[in-house]
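Take this structure, written in structure tokens, and hold onto it; I'll ask about it next.
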Amino acid sequence: GVGTVLWSSLMPALVKWQGNDKVVLFAGGGYDPDEDGTDLDGPTERVTADTGNTVYMLDAITGDVLWDAQSALSPTDMTSSFPADVTPIDRNNNGYVDLLYAADVGGRVWRFDISEDATGSSDFAAGGVILDINTSSTDGISGNRHFYTSPDVSYITNTTNPYVLVSIGSGNRAHPRTTATEDYQILLKDIHSTGVPGAGNYTTVTLDDLVNWSSENADESVYGWYLGPGQNGEKALSTSVTLSGIVTFNTYLPEADEEDQLQCSGSTGQSNIYQLALTEDALAQASCDEGDTCPMLPGESVEPVQTVAGLAPDPTITLPPADPDDAAATCAVLSVS
């Protein structure tokens with residue numbers, strides 16, 4: 001729409017559309033500049049967006065809009081813009097995307113379940129909010145937490161009860177130096193998992209439903225965990241990466257520790273890099289040498305595995321050369337550069 005700033009990438013996918021194979025592009029609706037506000041901290045309450053408050057599916061050849069969530073579903077709570085990339089999933093590994101996750105700047109995560117038997121846009125998908133952390137009584141702060149990053153989605157199977165994990169961190173990218181809001185890294189267990197809830201049956205989890213990662217019996221959490229609040233305006237400004245049950249993510253602090261500052265220079269803040277192990281098996285597979293800060297299991301106190309000056313790059317999966325003497329060696333490792 002007019003005034004929309006489109007940040008989201010166009011995510012290619014193969015879907016069933018009116019009974020036929022169709023290559024499409026999924027995208028968040030964009031960013032409403034009203035989110036910038038008029039002061040250094042931005043709006044103190046969730047903004048009702050005029051533009052960008054939907055998720056689109058476009059024809060990859062013509063660019064025509066085949067489906068958009070706002071028009072097809074008319075949800076009353078789709079009132080915030082979607083600037084981040086959406087996350088398309090092939091739930092049953094048959095080659096067609098049939099599940100979509102998207103986050104809005106109002107602190108919500110949405111889930112859309114796509115029907116391969118749909119006849120048009122009206123029955124193409126059902127959807128709803130599965131997480132809302134914009135405000136919560138847990139910390140006593142009104143909040144106005146934002147999601148500017150994409151949901152990081154994994155299927156965790158090496159546990160007694162397998163679950164779909166949605167990892168996402170809150171933080172106001174439009175005001176990275178604000179300390180007005182306590183932000184969190186969220187590790188949500190999508191209770192709908194690989195099933196299909198159907199219209200009207202999506203359960204919204206709030207911060208009050210989640211368990212602090214470091215709390216006693218955290219490994220028994222039903223809905224998942226939160227990490228935080230951080231210190232000095234610590235917030236997430238990039239998407240996490242989950243590999244082999246290890247979640248890696250960065251946070252940004254507007255003010256760095258004094259000993260990390262260079263004399264006669266302005267403060268660029270600092271980034272903390274964290275790694276969380278979802279299971280004992282995941283921790284056992286992690287590359288963790290003696291003296292290193294290892295990934296933390298639920299129930300353990302959390303400290304950064306690394307701290308760097310300024311804004312750290314996104315966590316990235318890299319593939320180093322295989323060890324020719326060890327055919328069973330795992331090649332995939334996590335890197336921050």
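What you are looking at is a predicted structure, and each value in this text was computed from that prediction instead of being measured.
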> Does the side chain of D117 pick up a donor-acceptor pair with the side chain of S115 at under 3.5 Å?
Replying inline: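 On atom types as modelled, these side chains do not qualify, holding no pair under 3.5 Å.
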> Would you call the rings of Y31 and W7 parallel, tilted or perpendicular if under 30° counts as parallel and over 60° as perpendicular?
Replying inline: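 Y31 and W7: parallel rings.
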>> Assigning hydrophobic clusters by single linkage (Ile, Leu, Val, Met, Phe, Trp, Tyr; side-chain heavy-atom cutoff under 4.5 Å), is V109 placed with V222?
In response: yes
>> Side chains of E116 and N94: any donor to acceptor distance under 3.5 Å?
In response: yes
>> Let me confirm one number: the CG-CG distance from L210 to L187, rounded to the nearest 0.5 Å.
In response: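 Answer for the CG-CG pair, L210 versus L187, is 9.0 Å.
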>> If we count only N and O atoms by modelled type, under 3.5 Å, do the side chains of D41 and T178 hold a donor and an acceptor together?
In response: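 Yes, side-chain donor-acceptor contact under 3.5 Å.
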> Do Q285 and S244 have side-chain atoms, one donor and one acceptor, less than 3.5 Å apart?
Replying inline: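 No - no donor-acceptor pair under 3.5 Å links their side chains.
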> Would K235 count as a cation-pi partner of Y252, with NZ or CZ less than 6.0 Å from the six-membered ring centre and within 45° of the ring normal?
Replying inline: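 Judged by the rule (NZ or CZ under 6.0 Å from the ring centre, within 45° of its axis), K235 is not positioned above Y252.
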>> One pair to check against side chain to side chain contact (heavy atoms under 4.5 Å, CB included): V24 and W67. What are the steps and the verdict?
In response: CA-CA 10 Å; V24 298; W67 173 86; over 6 Å; no
> Do we see a donor-acceptor contact under 3.5 Å between the side chains of R173 and S238?
Replying inline: no
> Judged by atom type as modelled, is there a donor-acceptor pair below 3.5 Å linking the side chain of S271 to the main-chain atoms of A312?
Replying inline: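 Checking the backbone N and O of A312 against the side chain of S271, a donor-acceptor pair under 3.5 Å is found.
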> Within the distance-only criterion (no hydrogens, no angle test), does the side chain of S8 pair as donor or acceptor with the backbone N or O of A27 below 3.5 angstrom?
Replying inline: no
> Any chance the side chains of S170 and D183 put a donor and an acceptor closer than 3.5 Å?
Replying inline: yes
>> I need the D90 CG to L14 CG distance, nearest 0.5 Å.
In response: 9.0 Å
> Quick one: do V164 and I186 end up in the same hydrophobic cluster if we chain Ile, Leu, Val, Met, Phe, Trp and Tyr together by side-chain heavy atoms under 4.5 Å apart?
Replying inline: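 Same hydrophobic cluster.
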> Hey, is CD on Q231 packed in by over 12 heavy atoms from elsewhere, all under 6.0 Å?
Replying inline: no
>> Would a single hydrophobic cluster contain both Y223 and F147, if residues Ile, Leu, Val, Met, Phe, Trp and Tyr are joined by side-chain heavy-atom contacts under 4.5 Å?
In response: yes
> Distance from N134 atom CG to H146 atom NE2, nearest 0.5 Å?
Replying inline: 7.5 Å
> Take atom CD in E45; do more than 12 heavy atoms of anything else shown fall under 6.0 Å from it?
Replying inline: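 It does not: E45 CD has 12 such atoms or fewer within range.
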>> Please determine whether side chain to side chain contact (heavy atoms under 4.5 Å, CB included) holds for the pair M57 and V15, giving the CA-CA distance in whole Å, both sets of side-chain angles, and the decisive distance to 0.1 Å.
In response: CA-CA 10 Å; M57 184 177 76; V15 301; 4.2 Å; yes
>> Testing the basics here: between L188 and L131, what is the closest heavy-atom pair and its distance to 0.1 Å?
In response: CD2-CB, 4.0 Å
> Just checking, any donor-acceptor pair under 3.5 angstrom between side chains of W110 and D104?
Replying inline: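 There is such a pair between these side chains.
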> What is the minimum heavy-atom distance between I168 and A103, and which atoms define it?
Replying inline: CD1-CB, 3.5 Å
> Roughly how far apart are D152 CG and T242 OG1, rounded to 0.5 Å?
Replying inline: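 Reported value, rounded in 0.5 Å steps: 3.5 Å.
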> Under 3.5 Å, is there a donor-acceptor pair between the D85 and S150 side chains?
Replying inline: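 The criterion, which ignores hydrogens and geometry beyond distance, is not satisfied for S150 and D85.
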> Are N272 and L253 close enough that some pair of their side-chain heavy atoms sits under 4.5 Å apart?
Replying inline: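 N272 vs L253: side chains touch.
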> Are the side chains of D98 and N92 in touch, meaning some heavy atoms are under 4.5 Å apart?
Replying inline: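 A side-chain contact exists here, since the closest heavy-atom pair is under 4.5 Å.
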> Going by atom types only, do S80 and R108 share a side-chain donor-acceptor pair under 3.5 Å?
Replying inline: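 Per modelled atom types, S80 and R108 side chains form a pair under 3.5 Å.
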>> Run the salt bridge (charged side-chain N to carboxylate O under 4.0 Å, His left out) test on D113 and R91 for me, step by step, so that the C-alpha distance in whole Å, both residues' side-chain angles and the decisive distance to 0.1 Å come before the verdict.
In response: CA-CA 10 Å; D113 289 87; R91 173 182 19 225; 2.7 Å; yes
> So, Q275 and T248: side-chain donor and acceptor under 3.5 Å apart, yes or no?
Replying inline: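 Judged by distance alone, the side chains do pair up.
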> Does some side-chain heavy atom of W213 sit less than 4.5 Å from a side-chain heavy atom of P298?
Replying inline: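 Yes. Closest side-chain heavy atoms under 4.5 Å.
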> Are the charged groups of K16 and D21 less than 4.0 angstrom apart, N to O?
Replying inline: yes
> Which atoms form the tightest heavy-atom contact between V86 and P88, and what is the distance?
Replying inline: O-CD, 3.5 Å
>> Quick check: closest heavy atoms across G233 and P254, and the distance to 0.1 Å?
In response: O-CD, 3.6 Å
>> V153 vs L165, test: side chain to side chain contact (heavy atoms under 4.5 Å, CB included). Steps then yes/no.
In response: CA-CA 6 Å; V153 182; L165 178 79; over 6 Å; no
> L237 and P176: which non-hydrogen atoms are nearest, and at how many Å?
Replying inline: CD1-CB, 4.1 Å
>> Just verifying a value: how many Å separate T204 OG1 and D132 CG, rounded to the nearest 0.5 Å?
In response: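 Result: 7.0 Å between the selected atoms.
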> What orientation do W17 and F124 show, parallel under 30°, tilted 30 to 60°, or perpendicular over 60°?
Replying inline: perpendicular
>> Determine whether L207 and Y184 satisfy the following criterion, side chain to side chain contact (heavy atoms under 4.5 Å, CB included), listing intermediate values before the conclusion.
In response: CA-CA 9 Å; L207 199 60; Y184 298 87; 3.6 Å; yes
> With the 4.5 Å side-chain cut-off for hydrophobic clustering, are I130 and I89 part of the same group?
Replying inline: yes
> Knowing that exactly one of Y202, Y163, F112, Y101 qualifies, which makes a ring-ring contact (aromatic ring centres under 6.0 Å, His included) with H192?
Replying inline: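 Output: one option passes, namely Y202.
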> Going by atom types only, do D68 and T54 share a side-chain donor-acceptor pair under 3.5 Å?
Replying inline: yes
> Should D32 and N53 count as side-chain neighbours, where that means a heavy-atom distance under 4.5 Å?
Replying inline: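 No. Closest side-chain heavy atoms not under 4.5 Å.
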>> Do V247 and L283 land in one hydrophobic cluster if side-chain heavy atoms of ILVMFWY residues count as linked below 4.5 Å?
In response: no
> T293 versus P304: any side-chain heavy-atom pair under 4.5 Å?
Replying inline: no
> Which value, rounded to the nearest 0.5 Å, describes the distance between D59 atom CG and L25 atom CG?
Replying inline: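 Between atom CG of D59 and atom CG of L25 there are 8.0 Å.
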>> Quiz question: by atom type and distance under 3.5 Å, do the side chains of Q185 and S167 form a donor-acceptor pair?
In response: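 Indeed, the side chains of Q185 and S167 share at least one donor-acceptor pair under 3.5 Å.
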>> Between E255 and R177, is the salt bridge (charged side-chain N to carboxylate O under 4.0 Å, His left out) condition met? List the steps.
In response: CA-CA 8 Å; E255 299 296 334; R177 298 189 62 81; 2.6 Å; yes
> Taking T279 as the fixed residue, which of T159, T160, N158 is the one that meets the side chain to side chain donor-acceptor pair (under 3.5 Å) rule?
Replying inline: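 Exactly one option meets the side chain to side chain donor-acceptor pair (under 3.5 Å) with T279, and it is N158.
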>> A side-chain contact here means heavy atoms from C-beta on lying under 4.5 Å apart; do D190 and S193 qualify?
In response: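 No, too far: nothing below the 4.5 Å cut-off.
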> Any side-chain heavy atom of T307 sitting closer than 4.5 Å to one from I273?
Replying inline: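 The answer is no; the side chains never approach within 4.5 Å.
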> How far apart are the C-alpha atoms of T251 and E234, what are their side-chain angles, what is the distance that settles it, and do they pass the side-chain hydrogen bond (donor to acceptor under 3.5 Å, both in side chains) test?
Replying inline: CA-CA 6 Å; T251 62; E234 187 172 9; 2.4 Å; yes
> Would a 4.5 Å heavy-atom cut-off, applied to side chains only, mark L227 and V302 as touching?
Replying inline: yes
> Does R111 reach the main-chain N or O of G128 with its side chain, forming a donor-acceptor pair under 3.5 Å?
Replying inline: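 Flag not set: sc R111 to bb G128 has no pair under 3.5 Å.
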> Any sub-3.5 Å donor-acceptor pair from N250's side-chain atoms to P313's backbone N or O?
Replying inline: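 Flag set: sc N250 to bb P313 pair under 3.5 Å.
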